[in-house]
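First up is the structure itself, then whatever we jot down about it.
Keep in mind that the numbers below use all heavy atoms, side chains included, and drop hydrogens, waters and symmetry copies. Being a predicted model, the structure only gives us computed values, none of them experimental.
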Amino acid sequence: MSITIESVTFEHFEPGQAIGVARPRLSWRFAGDAKDWSQRSYDIRLTRKGREQTFHVETHESVLVPWPDSPLQSREQVTVQVAVTGHDGSTTEWFESRVEAALLLPSDWAAKVVTGREEPEDGAKTPLYFQKRFGLSSTIGSARLYITALGLYKIEINGKPVGDHVLAPGWQSYEFRHAFQTHDISTLLQPGDNEVTATVGEGWWAGRLGFQGGKRNIWGSRLGLLAQLEIDGDIFLRTDETWAWTTGKLVKSEIYDGEVLDTTKPLGEWAPVEILPFPQGHLTSTQAPPMRRTKEVSAVEIIRTPTGKTVIDYGQNLVGWLRWNKQINGTGTVTIRHAEVMEHGELGVRPLRICKATDTVVLGGSTRGYEPSFTFHGFRYAEIDGIPHDTINLEDFTAIVVHTDFEHTGTFDSSHKLVNQLYSNVCWGMRGNFLSVPTDCPQRDERLGWTGDLEAFAPTASFLSASGVGSPPLVVPSVFMRQPLPPGAGPSFAIWGDVASITPYDLFQAFGDYKFLSDQYESMTTWLDEGVRRRSNGTGLWDPDNFQLGDWLDPKAPPDSPADGQTDTILVADAFLIHSTRLVAKASAILGHKDKAEAYSRDARRLLDAFHREYVTPSDRLMSDSQCAYVLALWFDLAKDSAQASRWAERLVVLIKKKDFTVGTGFAGTPLILGALAKHGKLQIAYRMLQEGKCPSWLYPVTMGATTMWERWDSMLSDGSINPGEMTSFNHYAFGAVASFLHNTIGGLSTLDPGWKRFLIRPQPGGSFTHARSSLKTPYGLASCQWSVSEDHDKLLVTAVVPPNSTAQISLPGIDTVVGSGTWVYDVPWKKDEEWPPKIIHPAFTQRPPVPDPL
């Protein structure tokens, strides 16, 4: 089969998106299954301002290759064609795409920020409506709208919505960077009279954020709109003093508390706008995809609760809102409360804390097609009040799923139905928590970008999707501390701070982009040099008096004290410190900082020696004799030799068996435990843990009907009661990091070189699995591994797909070879592990009920 180019991208921008980079690097992804095909050269043909030019480059590189010509200018549109020649002499057809530059310079902006009246700072902001009417001649050229807001915006031209984004411009650290969007509005304009109308809500800019009441007006107390309409590259219209503002049907719309719509309320009198200062943060066309409506979910059941309430069940915990599908006539008020679970037959709202998560509609006007504008909810269940129960039908309200519209790149499927549901829960958990920034949860009065959650989940996220001074903040954007603190001031937490050093390296491994390291190198080194609070004795380890969050949400931790787990929090911090130091040493070497690479390598060796003196006993036990301690020691290669590592692995197995194969780790250990077991020859123990159904385990929530990942192993108790802890979410992605084990070990796909230029196909069947398949859209094309075990368990059939211009190492029983692109089929001898399932360890003289077989 011939090789074709499937797509061309510029930097990491979504195809078709106006880009904010003057010299964008290009990448192309291939299709086709030709055997052992690799690229010898490429040709890029650019058509700029009517002039065509072709650039020929002899290289195998096809990912993030340099822009071949002079930098793009603001607003410039270029036709880009790419063709590739292989070492076999074959040449692909030209693949054509277009790249368009957004506004690249601050001086490109002539618009002003417009606003309405000033409102009290201690309450929710009333959404503002803006309007501008203008005329056009009969000739309309290429038209663009560049737009952002102090808050969140919706905009229409001549009554038609502009773009398909929601909750735009998203959430950023607005004091540093402020995203704007570019929309092609050529088809929305008309000869003669035109009208632009926009609505702006408070969003993250001025709305309440944070728990225990939170804070308002974190970035500003006044809402504003900034927009610039251009035709054929010339500014035709801009927000300025000639615009008007008013209020209307949208009474309020808050992230946490929901939206109030009065359908009877007409627009107020239009008044002249006021002008606000220009945004402080750098205006940027962000590489992150926008948030969009991505799916519609129909109701599956209408429930009448014991107290007579009407609740609609959508069958899936999701993030978004409800669309009204019919006209509700009459008067009165309809309220819709959202929650993730039912508790004893009623809507389970206690985990929301003081978040109302309620949408309110005053009847009397139009309701058909209504959707909330500037809020979102995490929910499976919606309680409807104000409409008689007997008049509500399943089709009256549709759940609209909303999230950052990233490309879905990874898949997994297997013979184990419960594990497949677990994987679905991981995907839905990521979908629901990636709204502009990765957040901890989407439902309660929090929804913040906790860095520790991302550190745990980043390797999984990069498979599933193509997505300072001193200590990094606990949450990004930072809502707790508005002013940067000098080194040594303020809190300093391992793991949450280690995101500065670990996550850039994880992203580099996943996508092969050196800019993840170079752009973040200063923050990587600053974290180690200034952020870590070290002991005064010169060891370089963490100061034991510095409070740490440790193995957060260890299942043995009390509900009201999630950091009080089984593992010494400073041991956890020091293990991550050694790992971070090694990664920064590697990053330094990759970036050519030889002296720093050697210095950080020496630091890592010194820290390891200090770790052993502090935490390892003469008999090779760890001072914290816990699952987490041994997992970190094994995964981070903290053993002095293979014999010590083997003893640690054996001790970990004993601890796991004593706990009936249930999980004994929290945020620190859980993402790594199955991989650590497989890495050290304990594969069947890993499978046995994965297939355990008793709490705490990955499958316990699945048996309880979960459709997303939970924050706690027992967010829902076995009797149907919600965990008494104040912090109880039913949509928290961190424990979904188990999907890395599904992709890499069961599915058999893992990278060897950054960016998947060279990768490993090594499925490791185990447990009761009889087949599995994992796939990934790599930067080069589709890679996949599919395997099945014969009915007699004596044969392993593997089908491996390697994309063009990359290679794979095939590691199977009796086979260890490197292959190029194409589809490769292997049929090898296989022997079932007779030790399956592993047995628990019962302490002597105890009366314990028998442990069920693995699920």
Sorted by chain and residue number, the side chain to side chain contact (heavy atoms under 4.5 Å, CB included) partners of Arg380 (sequence neighbours excluded) come out as Asp313, Asn317, Thr707

With sequence neighbours left out, the residues meeting ring-ring contact (aromatic ring centres under 6.0 Å, His included) with Phe412 are Tyr423

Point to revise | Steps toward side-chain hydrogen bond (donor to acceptor under 3.5 Å, both in side chains) verdict (Asp440, Asn433) | key: CA-CA 7 Å; Asp440 59 328; Asn433 280 292; over 6 Å; no

| query | Can Arg447 be said to sit on top of Phe376's aromatic six-ring, NZ or CZ under 6.0 Å from centre and within 45° of the ring axis? | reply | yes

In terms of heavy-atom contacts, does NZ of Lys777 have more than 12 from other residues, nucleotides or ligands at under 6.0 Å?
no

Legend entry - Glu100/Arg144 ion pair, N-O < 4.0 Å: yes

Quick one: does any side-chain atom of Thr503 pair with a main-chain N or O of Ala500 as donor and acceptor, under 3.5 Å? no

With sequence neighbours left out, the residues meeting side-chain hydrogen bond (donor to acceptor under 3.5 Å, both in side chains) with Lys515 are Asp519

Here the side-chain hydrogen bond (donor to acceptor under 3.5 Å, both in side chains) pairs for residues 16-27, sequence neighbours left out, are Glu11-Arg25, Arg25-Asp513

Hits for salt bridge (Lys or Arg N to Asp or Glu O under 4.0 Å) against Arg762, two or more places apart or cross-chain, chain-then-number order -> none

By ring-ring contact (aromatic ring centres under 6.0 Å, His included), Tyr514 pairs with (sequence neighbours left out) Phe508

Taking Thr404 for the side chain and Phe434 for the main chain, is one N or O donor matched with an acceptor at less than 3.5 Å? yes

Residues at least two apart in sequence or cross-chain that pass side-chain hydrogen bond (donor to acceptor under 3.5 Å, both in side chains) with Gln172, listed by chain then number, are none

For this session: In plain terms, say whether Arg293 and Asp164 are close enough for a salt bridge, that is, a side-chain N and a carboxylate O under 4.0 Å apart.
Result: no

Sorted by chain and number, sequence neighbours left out, side-chain hydrogen bond (donor to acceptor under 3.5 Å, both in side chains) with Trp28 holds for Gln39

Contacts satisfying salt bridge (charged side-chain N to carboxylate O under 4.0 Å, His left out) that involve residues 13-22 (not counting sequence neighbours) are Glu14-Arg292

Sequence neighbours excluded, the answer for ring-ring contact (aromatic ring centres under 6.0 Å, His included) partners of Trp713 is Trp698, Phe735

Quiz item: Is a side-chain N or O of Ser715 found less than 3.5 angstrom from the main chain of Ser729, in a donor-acceptor match?
Solution: yes

Note to self: For the backbone of Ser774 and the side chain of Ser784, can you confirm whether one donor and one acceptor N or O come within less than 3.5 Å of each other?
What the structure shows: no

Taken in chain and number order and not counting sequence neighbours, the residues that satisfy ring-ring contact (aromatic ring centres under 6.0 Å, His included) with Tyr256 are none

By side-chain hydrogen bond (donor to acceptor under 3.5 Å, both in side chains), Glu61 pairs with (sequence neighbours left out) none

